Colleague: 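Mind looking over this structure? Questions follow.
All values derive from a computational prediction rather than experimental measurement.
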Amino acid sequence: MKDIILNIEALIFASEEGISANDIKQVLQDALAIDINKEEVLDFLGKIELKYESEDTVFSLSLINNQYQFLTKEIYHEAINHLQAHRDRKKLSQSALETLAIIAYRQPITKIEVEQIRGVNCDYSIQRLLEKDLIKIGGKAESIGKPLLYTTSDQFMNHFGINSVKDLPQLKDIVAEENSIGDTVE
């Protein structure tokens, strides 16, 4: 019985979006080669829920949208909010900002095209932007090798407070005439 409870806990812990009682039943039957019904699974889930009600644990078993998942208890939400704010404060490097600007203005664009514009390898910058969910893979190009196309994400729009890429400042609004190259000063 303890083995079944531990297996159920492992399944819930490993499930990104949560897991239903029916899915738990099916996985246990397949993985452990046992015969178990939904009522037994629900009984085990009740025991797990009681186990995590203790003040010695930081998370509890929650049922959301008919799926079970472990969530941190409400008492710890303030600390978690500060952690998220701390992570969000980490700034992007200059190269990541340049890469993001190129993708925002030229999307959809391949990594090779970004590298041609910047003149340097952009693997790390693109990876960081993907991790921060500021860009996303928007498909594959029709060119040789079918390279990935990158576009800005919804998180990018939220972060910069815009509704679409049309809301980005136009380059003519950013570049001042006195910054022109090749002008002679008399």
Side-chain angles (χ1 to χ4, degrees), residues 1-93 96 99-100 103-104 107-108 110-111 122-140 146-164:
M1 179 171 111
K2 184 176 181 180
D3 187 45
I4 294 173
I5 290 176
L6 293 175
N7 275 281
I8 292 172
E9 287 182 36
L11 292 174
I12 296 168
F13 184 74
S15 298
E16 287 183 37
E17 303 288 325
I19 186 168
S20 70
N22 284 331
D23 288 342
I24 291 171
K25 176 179 107 50
Q26 188 62 48
V27 171
L28 289 176
Q29 287 177 339
D30 294 345
L32 303 178
I34 60 171
D35 189 31
I36 189 169
N37 61 44
K38 186 176 177 181
E39 289 74 30
E40 291 173 311
V41 170
L42 291 173
D43 183 52
F44 288 129
L45 287 166
K47 291 176 182 175
I48 294 169
E49 188 173 16
L50 285 173
K51 174 182 174 181
Y52 288 100
E53 283 181 1
S54 164
E55 290 182 15
D56 294 338
T57 62
V58 296
F59 50 84
S60 61
L61 181 63
S62 300
L63 178 64
I64 298 175
N65 196 24
N66 292 321
Q67 294 190 330
Y68 291 88
Q69 54 186 306
F70 288 121
L71 298 175
T72 54
K73 292 180 179 175
E74 190 173 337
I75 193 169
Y76 302 107
H77 287 184
E78 187 64 29
I80 292 169
N81 285 338
H82 282 282
L83 173 66
Q84 287 302 113
H86 176 71
R87 285 183 177 166
D88 289 343
R89 273 188 249 130
K90 293 182 180 176
K91 295 182 179 179
L92 292 174
S93 66
T99 302
L100 181 59
I103 292 170
Q107 63 184 309
T110 65
K111 181 175 80 70
C122 295
D123 289 339
Y124 181 75
S125 294
I126 287 177
Q127 186 60 40
R128 293 285 298 151
L129 293 170
L130 284 168
E131 288 171 5
K132 289 188 171 282
D133 197 29
L134 292 172
I135 63 171
K136 64 183 180 181
I137 297 170
K140 293 187 176 188
K146 305 258 187 218
L148 296 174
L149 290 170
Y150 296 98
T151 62
T152 54
S153 66
D154 291 338
Q155 176 66 24
F156 171 84
M157 302 298 176
N158 292 338
H159 185 78
F160 290 100
I162 59 176
N163 293 318
S164 76

Colleague: Which heavy atom of Glu17 sits nearest a heavy atom of Gln69, and at what distance?
Modeller: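 Here Glu17 and Gln69 meet closest at O-NE2, 3.9 Å.
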Colleague: For the backbone of Lys136 and the side chain of Ser153, can you confirm whether one donor and one acceptor N or O come within less than 3.5 Å of each other?
Modeller: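 Absent.
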Colleague: ring-ring contact (aromatic ring centres under 6.0 Å, His included) with Tyr76: which residues, sequence neighbours excluded?
Modeller: none
Colleague: Under 4.5 Å between any side-chain heavy atoms of Tyr150 and Ile137, yes or no?
Modeller: yes
Colleague: Where is the tightest heavy-atom contact between Leu28 and Ile8, given as atom of each residue plus distance?
Modeller: CD1-CG1, 3.6 Å
Colleague: Working note: Asn22 + Lys38, criterion side-chain contact (heavy atoms from CB on, under 4.5 Å); need CA distance, chi angles, decisive distance, verdict.
Modeller: CA-CA 7 Å; Asn22 284 331; Lys38 186 176 177 181; 3.3 Å; yes
Colleague: Please step through side-chain contact (heavy atoms from CB on, under 4.5 Å) for the pair Ile36 and Phe44, ending with a clear verdict.
Modeller: CA-CA 11 Å; Ile36 189 169; Phe44 288 129; 3.8 Å; yes
Colleague: Quick one: closest heavy-atom pair of Pro147 and Thr110, and the distance?
Modeller: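 Smallest heavy-atom distance, with atoms named: CG-CG2, 3.7 Å.
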Colleague: Supply the atom-to-atom distance Leu42 CG to Ile24 CD1, rounded to the nearest 0.5 angstrom.
Modeller: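 Those atoms lie 8.5 Å apart.
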Colleague: Would a 4.5 Å heavy-atom cut-off, applied to side chains only, mark Leu134 and Arg128 as touching?
Modeller: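 Counting from C-beta outward, Leu134 and Arg128 never come under 4.5 Å.
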Colleague: Would you please say whether a donor-acceptor pair under 3.5 Å links the side chains of Gln127 and Asp123?
Modeller: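 No, Asp123 and Gln127 have no side-chain donor paired with an acceptor closer than 3.5 Å.
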Colleague: Please examine the side chains of Ile19 and Gln67, heavy atoms only from C-beta on, and report whether any two atoms are closer than 4.5 Å.
Modeller: no
Colleague: For Asp154 and Asn158, does a side-chain donor sit closer than 3.5 Å to a side-chain acceptor?
Modeller: no
Colleague: Does any non-hydrogen side-chain atom of Asn66 lie less than 4.5 Å from one of Ser20?
Modeller: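 Side-chain contact under 4.5 Å: no.
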Colleague: Working to the nearest 0.5 Å, report the span between CG of Leu63 and CG of Leu71.
Modeller: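 These two atoms lie 10.5 Å from each other.
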Colleague: Report yes if some heavy atom in the side chain of Gln29 is under 4.5 Å from a heavy atom in the side chain of Asp35; otherwise report no.
Modeller: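 They are in side-chain contact.
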Colleague: Between Gln155 (side chain) and Lys132 (backbone), is there a donor-acceptor pair under 3.5 Å?
Modeller: no
Colleague: Quick check on the 6.0 Å ring-centre criterion: do Phe70 and Phe13 meet it?
Modeller: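 Judged by ring-centre distance (under 6.0 Å), Phe70 and Phe13 do not meet the cut-off.
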Colleague: To the nearest 0.5 Å, tell me how far Glu78 CD sits from Leu83 CG.
Modeller: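 Glu78 atom CD to Leu83 atom CG measures 12.0 Å (nearest 0.5 Å).
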Colleague: Does any part of the side chain of Lys47, heavy atoms only, come nearer than 4.5 Å to the side chain of Leu50, both counted from C-beta?
Modeller: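 Result no, sub-4.5 Å side-chain heavy-atom pair not found.
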Colleague: If we only count heavy atoms from C-beta on, is the Leu11 to Asp23 side-chain gap below 4.5 Å?
Modeller: no
Colleague: Kindly indicate, with the supporting measurements, whether the criterion side-chain contact (heavy atoms from CB on, under 4.5 Å) is fulfilled by Ile135 and Thr99.
Modeller: CA-CA 10 Å; Ile135 63 171; Thr99 302; over 6 Å; no
Colleague: Taking atom CD1 of Ile103 and atom OG1 of Thr152, what is their separation to the nearest 0.5 Å?
Modeller: 9.0 Å
Colleague: Counting heavy atoms not belonging to Ile64, are there more than 12 under 6.0 Å from its CD1?
Modeller: yes
Colleague: Might you confirm whether atom NZ of Lys73 has over 12 heavy atoms from other residues, nucleotides or ligands at distances under 6.0 Å?
Modeller: yes
Colleague: Which is it for Val27 and Asn7 under the side-chain contact (heavy atoms from CB on, under 4.5 Å) test, yes or no, and what are the steps along the way?
Modeller: CA-CA 10 Å; Val27 171; Asn7 275 281; over 6 Å; no
Colleague: Between the main-chain N or O of Ser60 and the side-chain N or O of Glu49, is there a donor-acceptor pair closer than 3.5 Å?
Modeller: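 No, because the side chain of Glu49 does not come within donor-acceptor range (under 3.5 Å) of the backbone of Ser60.
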Colleague: I want to check something: taking the side chain as every heavy atom from C-beta on, are Tyr68 and Leu61 in contact at a cut-off of under 4.5 Å?
Modeller: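 Side-chain contact under 4.5 Å: yes.
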Colleague: So, the side chain of Thr57 versus the backbone of Ser54: is there a donor-acceptor pair under 3.5 Å, distance only?
Modeller: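 Looks like yes, one N/O pair under 3.5 Å.
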Colleague: Any sub-3.5 Å donor-acceptor pair from Asn37's side-chain atoms to Glu39's backbone N or O?
Modeller: yes
Colleague: How far apart are the closest heavy atoms of Ala96 and Ser125, and which atoms are they?
Modeller: N-OG, 3.7 Å
